[in-house]
Amino acid sequence: MKLKLSALMALFLPIFAFAEDKLDTGDTAWMMMSTALVLLMTPAGLALFYGGMTRSKNVLNTYAMVMGAFVLAIVVWIVAGYSIAFGTNESASLQSFFGGFGNVMLDGITWKDLSGSYPTYVFVAFQGTFAAITVAIASGSVIGRMKFSTWMVIVALWGLVVYAPITHMVWGGDGALLFDAGALDFAGGTVVHMNGGLAGLVLAILVGKRAGYPKQAMKPYSILLTAAGAALLWFGWYGFNAGSAFGANAVAGVALLTTTIATAAAGLTWMIIEWFVFKKPTLLGIASGIVAGLVAITPAAGFVSVGGAFIVGIGGSVIGFFGVVTLKKMFKYDDSLDAFGIHFLAGLWGALMTGVLALNDQDLLWDGPLKESGDRMGQFMVQLQSVGVVALWTLVGTVVVYYIASAVTGGARVDAETEEIGLDETLHGEKVTNL
Amino acid sequence: MKLKLSALMALFLPIFAFAEDKLDTGDTAWMMMSTALVLLMTPAGLALFYGGMTRSKNVLNTYAMVMGAFVLAIVVWIVAGYSIAFGTNESASLQSFFGGFGNVMLDGITWKDLSGSYPTYVFVAFQGTFAAITVAIASGSVIGRMKFSTWMVIVALWGLVVYAPITHMVWGGDGALLFDAGALDFAGGTVVHMNGGLAGLVLAILVGKRAGYPKQAMKPYSILLTAAGAALLWFGWYGFNAGSAFGANAVAGVALLTTTIATAAAGLTWMIIEWFVFKKPTLLGIASGIVAGLVAITPAAGFVSVGGAFIVGIGGSVIGFFGVVTLKKMFKYDDSLDAFGIHFLAGLWGALMTGVLALNDQDLLWDGPLKESGDRMGQFMVQLQSVGVVALWTLVGTVVVYYIASAVTGGARVDAETEEIGLDETLHGEKVTNL
Amino acid sequence: MKLKLSALMALFLPIFAFAEDKLDTGDTAWMMMSTALVLLMTPAGLALFYGGMTRSKNVLNTYAMVMGAFVLAIVVWIVAGYSIAFGTNESASLQSFFGGFGNVMLDGITWKDLSGSYPTYVFVAFQGTFAAITVAIASGSVIGRMKFSTWMVIVALWGLVVYAPITHMVWGGDGALLFDAGALDFAGGTVVHMNGGLAGLVLAILVGKRAGYPKQAMKPYSILLTAAGAALLWFGWYGFNAGSAFGANAVAGVALLTTTIATAAAGLTWMIIEWFVFKKPTLLGIASGIVAGLVAITPAAGFVSVGGAFIVGIGGSVIGFFGVVTLKKMFKYDDSLDAFGIHFLAGLWGALMTGVLALNDQDLLWDGPLKESGDRMGQFMVQLQSVGVVALWTLVGTVVVYYIASAVTGGARVDAETEEIGLDETLHGEKVTNL
Amino acid sequence: MKKIEAVIKPFKLEDVKDALVEAGIEGMTVSEVKGYGRQQGHSELYRGAEYVVEFIPKIKIEIVVSSDEYVDIAIKAIQENAKTGKIGDGKIFVSDISKVIRIRTDEEDAEAL
Amino acid sequence: MKKIEAVIKPFKLEDVKDALVEAGIEGMTVSEVKGYGRQQGHSELYRGAEYVVEFIPKIKIEIVVSSDEYVDIAIKAIQENAKTGKIGDGKIFVSDISKVIRIRTDEEDAEAL
Amino acid sequence: MKKIEAVIKPFKLEDVKDALVEAGIEGMTVSEVKGYGRQQGHSELYRGAEYVVEFIPKIKIEIVVSSDEYVDIAIKAIQENAKTGKIGDGKIFVSDISKVIRIRTDEEDAEAL
Ligand SMILES: Nc1ncnc2c1ncn2[C@@H]1O[C@H](COP(=O)(O)OP(=O)(O)O)[C@@H](O)[C@H]1O
Ligand SMILES: Nc1ncnc2c1ncn2[C@@H]1O[C@H](COP(=O)(O)OP(=O)(O)O)[C@@H](O)[C@H]1O
Ligand SMILES: Nc1ncnc2c1ncn2[C@@H]1O[C@H](COP(=O)(O)OP(=O)(O)O)[C@@H](O)[C@H]1O
């Protein structure tokens, strides 16, 4: 990533006033701000988005799954995740998948080190917020029935076994599998959204459906909080996407604009589809569309045009709607808050459309078939390969992690009575509202 | 605007380390951040502020009116609004009012273009968030009785017919009516707040009062959410005001400080007035004062002194209180959440006081009578002219848009039973809290 | 502070592209953003954090105590607080404690003045948000029984008599007592957290316990809002800590990373302790740990290593837990929302551990025994001295302020019936939820 | 003594209360209930899952009066003010009360009302 | 006419309602109540302060029927569907109603039900 | 069997419950209600619009007991513990219950209590 970054930077040299390896205050300001923005997405944005959609008896448990996952995943990231993801492995065959343990506890990194034009310490924190939101996304599929202890064990293992290697493969620099292949994933369509969304589905199937699903009415505690969460996600996502330009540069400007366009178009699209299909547009629908649009544009954000952003956003919303309304009913899995339906599917759509729609502009593109030889079909095949590899790794890794966590905690699922009474009261001894 | 911007920039050349037409990372970082901040104001800040003040049966509808308006207005902005507002019309007489259609779908703008020292793409997104919040403000006057379909049509038309031309007139660069006249509006006192607030009143009068108003008690769902919304508005407003300096420069510092002072003073003022008049200070009052102060300082933010900021803030609160408590009762219109009472009146106050209080400092001022010849009276007349022109355009434009939208959707108002049951259940099929 | 700042800056000169006394857009962008971030912490973060923990009948009063304190404290800061804190007194003996009245109403400061590389106006606003949150923290100890009028008087006086002098002593530049002694307090462990937390305890003891405490169940209105508030605090704290590097530089990067690490570790720690002690991890516990971690790392943020951040964070959580669960029961004071238990204790821990763990790195350290002669024991003694002086000043000052405020408002405490019915209804005439 | 319980539409409460007070009945206790009957519920929609809400929000008013005369007065006031003529207007139930005590004064029966 | 009041566990409401409707009882009024009895409450924990929640959420169903026959039908439907066999299943109380009125139509007694 | 219904001030619930339990009455059902009577409501203020809140939050306790003896015990416990002496202390109503069933065990009447 650093290498790619430097390459990118080089293009702008005539524009920027600094030479490589110097700290640029504007880039540093933007990357620190981006870190704070992405941080906000999990314990505030996603937690409210998910918490609001949960039945009132499980709201605090849902919030705790997100917030607890966040703090644990950050710790895991510092201890070893960063090293596996962004370290360099001496063995070339291992380097395809793992960065090794050279930077465990950030060993070998000093506060004066730079990643391009800003401190590596900031890069570490920025990437840590990505690691943490990814596993938190998965929680949405399994709320209301999983033991909190099992979930915590899953979070710890998954960060090391699934997230870090996938990040390494895609963004790990020279020698990393999909990085070398030239996969385009601007801000984490594969790494974050497909990954987290698919992990959610796998866990949902393994842990089983909530009692009474889908017969029993499972009404959301507060759509208002869900909508507020979606708004905070949108806000934070500017750090996610425009921050993935690794500086306050023109590419960040592209990501900022395409993110705005795709998201607005997606929110509108979901609303309109609902209006046609169910005769009523819902606030939950607008919020869902917004998130689907944000997910879809993530891999494409720095690569596509204004028109491309519209296509990615609208399509992300259509496919998300299909995932949530049609697919889930068809296959009868209980992807409770639609981590799979929205994050995986819209992330997949975005990752593939990045191959189709990426501007053939040498200054924007990353290394890959499209940049090197204008080979769009080849680029699309690389995108296909990358979604395939990521999906496979996530699938296998998540199954393994689940069974270990389940064994360690004496079964992954709460008993029927606990589920009936609600996890807030039984697992946490708290109640969502005391009027 | 670009021209004015360049003029402004030139003043700082000895201070800044870059020459014109170079991307400055610090300015770019600040403008991207400002865009994210202003974005947050609508689907989170304003939506919570308004939603919390609504009766529980209409809360989600209110939220959806704001959030739905936001996504639609952004799309409209990209498609044609930006072009009308900031494009350049070849016909000089048209250029007074409209920027034309040269930049429809952002045609003609590339990702490498700069607006001064940061990407034009960022400028487009930044201004888009202004367009979107303006129409969302108007929704506050008509909640609880307007059809959602009518509202959506209004949003789309209004963005093109009212918002974009007014923005062009004030900020549209050489040849634009009020820009040429030398009107001072730092961040949108006329363009955003008077405009949105007056549109609200017009719509409120046209659609009629809520059933039972003012006899029936209409209690707010949650003042706590309203207060949280006000806090988010304050936060986001730093992007609004200090972002309107178009860079991380000393003028932005002025706007940041005056915004802080005026808002704090206004929050305190409203609280004290209530304490005297009603014997009880309310949280809603503090929150209302905060918003009134933010609105009032908006046109003046980069122009006034510390003392000026106090005057603008305190006066904004006094006039807002008068609008909400006295004027509304006197004329018996149902400006439900006081978009007119707070945004129009405090915006008007701020716009006029900008003429009175703007520092006579060549490095701060924009072109206009005050800058050119120290003619404060002349400047005040220009300010008067600008509020007059804006008010007239808004009035006429909003009436036209209302009748078209009403015709297209078969009447603008829901039937009596729908209103009685509440719009959340009837229009959206959702409920605000499921305990 | 400005002097120290310049000294710090000098170290980076080869890295930064600007010479002293020039505005740097990156630093300015970061400091403006930091100001907005710290602002958000009080009327949104702390207000939700506290409001959510309060009984439903006092929620809006709690929110109003925080929000009202905020607007008033900002006004007081501009009027005279800034001058006392950061002005320069001609008398050397007075300069030890007070900055004097030379900058009342920001007199003598112009919009072109710089603090190092960004506008002094931004510095004023940034520091104002610190002043305002400090007194707001104290409100947590006395909610549910203090008159709103008394509280407002306390806020006004305390900002001048306690906060401003303490800030002067620690950060007031050459001649200021603890600044000269070489006390290390990166972002306000003593100035903000010990100070606000101890003031809270003092007020809680003086105003007395809530009726029925601790026998009667006092259930929190909404832990979800408390958790959301904690997340907003975390987000804003990046401005607090990394903003205290006064620029977008490598030291800010250190603060950003250590803040992330300590907070995550602390959130996890509290959760685990609860799990062991009470058999149930709570969401309130995770949120409490997060805040304890943020407080603990505040004085240490720019000084410690990755390992140091873990120690500070984990220890802060342990000591905060002890304060809240053990100490409070032992001494039977009613520190209602644990301003003392968390802010004072974790702030104390952080301040002392800064002496123990600060990296002996000339480029990071501030003047003091450790920097000058590698004398860690000497540094620790200075830290002890500074916590002692701050605690003493806070104690005496707060007692004085309390009695004056109480006298002015005819007693500090509401009557028994008012307390019984609840302060929302009686003092503000509002109700937290209208379903 | 008699107790009158009436289940009515929520938005009629204000009118009914005013009429009762005007008719000289100055005490009552109300609660929020949910009714099931002939009146159709509505449906809620969350991401495509449609839930029919069969229980409809109603208000229950309880009034204890000392004489049959007052029973008639109360029934009349309720009937006239709660009626919309549409399904779901609700029902009135009358039953016996054998003893009433006012806690504040220890007064009993008719005096306690 | 008789009134049947049943206090049951909240999650049994749906089953009981379905059984009643199937048995031909098509009107009822329910409310959220809290019960105290042999069933143990749970405890809540806030920063180390443990509060025992002694009142347990229950649902109260009120049904007014015209004949003793319907009383038995209703009781049977409730008994069968609200029972879990664990402490806290709740109770059924039966009392007399002397008059019923349907507000919409002014119908009285059996006709009003 | 008798049913005792008491409308009391919310903050007295804990004391009343303790007294009832102490007096050997170990089951009760409570609900949140709103009362209208001589006690003055308060007013709420939203941006200058003042709304008088006439209905005051109260708690309703329902207790079914098997004998008149228990009726007296219960009344005494409530009277003593709910009284503040100020307007609004509330009322106690007593009525007849013809049948009681414990759902869990099918026990009837006195045994079910
Ligand atoms: N048998 C009954 N027992 C108790 N409450 C009833 C009964 N029948 C109806 N209700 C109450 O009366 C309300 C109105 O009844 P419904 O059948 O919907 O319309 P209508 O009052 O016009 O006949 C119901 O929502 C319910 O609360
Ligand atoms: N004497 C009583 N009067 C009124 N309600 C009662 C009485 N006894 C019990 N209840 C209600 O019945 C519910 C169940 O009673 P409980 O003793 O917990 O279990 P069980 O129903 O199995 O005997 C209680 O929560 C309460 O609501
Ligand atoms: N006639 C009545 N029928 C039913 N409930 C009543 C009646 N009168 C009073 N109440 C209830 O008793 C409560 C207290 O009555 P109120 O007249 O305010 O004071 P007091 O109990 O001191 O006479 C009321 O809030 C209401 O809930």
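None of the values given here were measured: they were computed from a predicted structure. Just so it is clear: chains get the letters A, B, ... in the order the sequence lines come, proteins before strands, and each one is counted from 1.
Most heavy-atom pairs under 4.5 Å with chain E, from the set D/Ile56, D/Ile78, D/Val94, D/Ile8: that is D/Val94. Of the listed residues D/Ala6, D/Gly37, D/Ser31, the one with more heavy-atom pairs under 4.5 angstrom with chain E than any other is D/Gly37. The greatest number of non-hydrogen atom pairs below 4.5 Å with chain D, out of E/Leu113, E/Thr105, E/Thr29, E/Leu20, is found for E/Thr29. For chain E, the option among D/Lys58, D/Lys60, D/Gln39, D/Glu32 with the highest count of heavy-atom pairs below 4.5 Å is D/Lys60. The choice from E/Val21, E/Ile25, E/Asp96 that makes the most heavy-atom pairs within less than 4.5 Å of chain D is E/Val21.
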Q: With side chain to side chain contact (heavy atoms under 4.5 Å, CB included) as the test, would you mind laying out the steps for D/Lys34 and E/Met28 before giving the verdict?
A: CA-CA 9 Å; D/Lys34 292 189 171 166; E/Met28 72 197 78; over 6 Å; no

Q: List the steps and the verdict of side chain to side chain contact (heavy atoms under 4.5 Å, CB included) for E/Lys99 and D/Ile75.
A: CA-CA 11 Å; E/Lys99 189 171 194 172; D/Ile75 288 178; 4.3 Å; yes

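Taking every heavy atom of both residues into account, E/Ile103 and D/Ile92 meet most closely at CG1-CG1, 3.8 Å. Across all non-hydrogen atoms, the minimal contact from D/Tyr36 to E/Lys17 is CE1-CD, 3.6 Å.
Counting heavy atoms from C-beta on, the side chains of E/Ser98 and D/Lys2 come closer than 4.5 Å. E/Glu107 places none of its side-chain heavy atoms less than 4.5 Å from the side chain of D/Lys91. Contact annotation: the side chain of D/Gln79 approaches that of E/Asp106 to within less than 4.5 Å [non-hydrogen atoms, C-beta and beyond].
Neither the backbone nor the side chain of E/Glu108 has a heavy atom closer than 4.5 Å to any heavy atom of chain D. Contact of E/Val64 with chain D is made through the side chain alone, with heavy-atom distances under 4.5 Å. Heavy atoms closer than 4.5 Å to chain E are found in the side chain of D/Phe55, but not in its backbone.
The existence of a salt bridge linking D/Asp89 and E/Arg102 is excluded, since no basic side-chain nitrogen approaches an acidic carboxylate oxygen closer than 4.0 Å.
E/Arg104 CZ to D/Lys86 NZ: the interatomic distance, rounded to the nearest 0.5 Å, is 12.0 Å.
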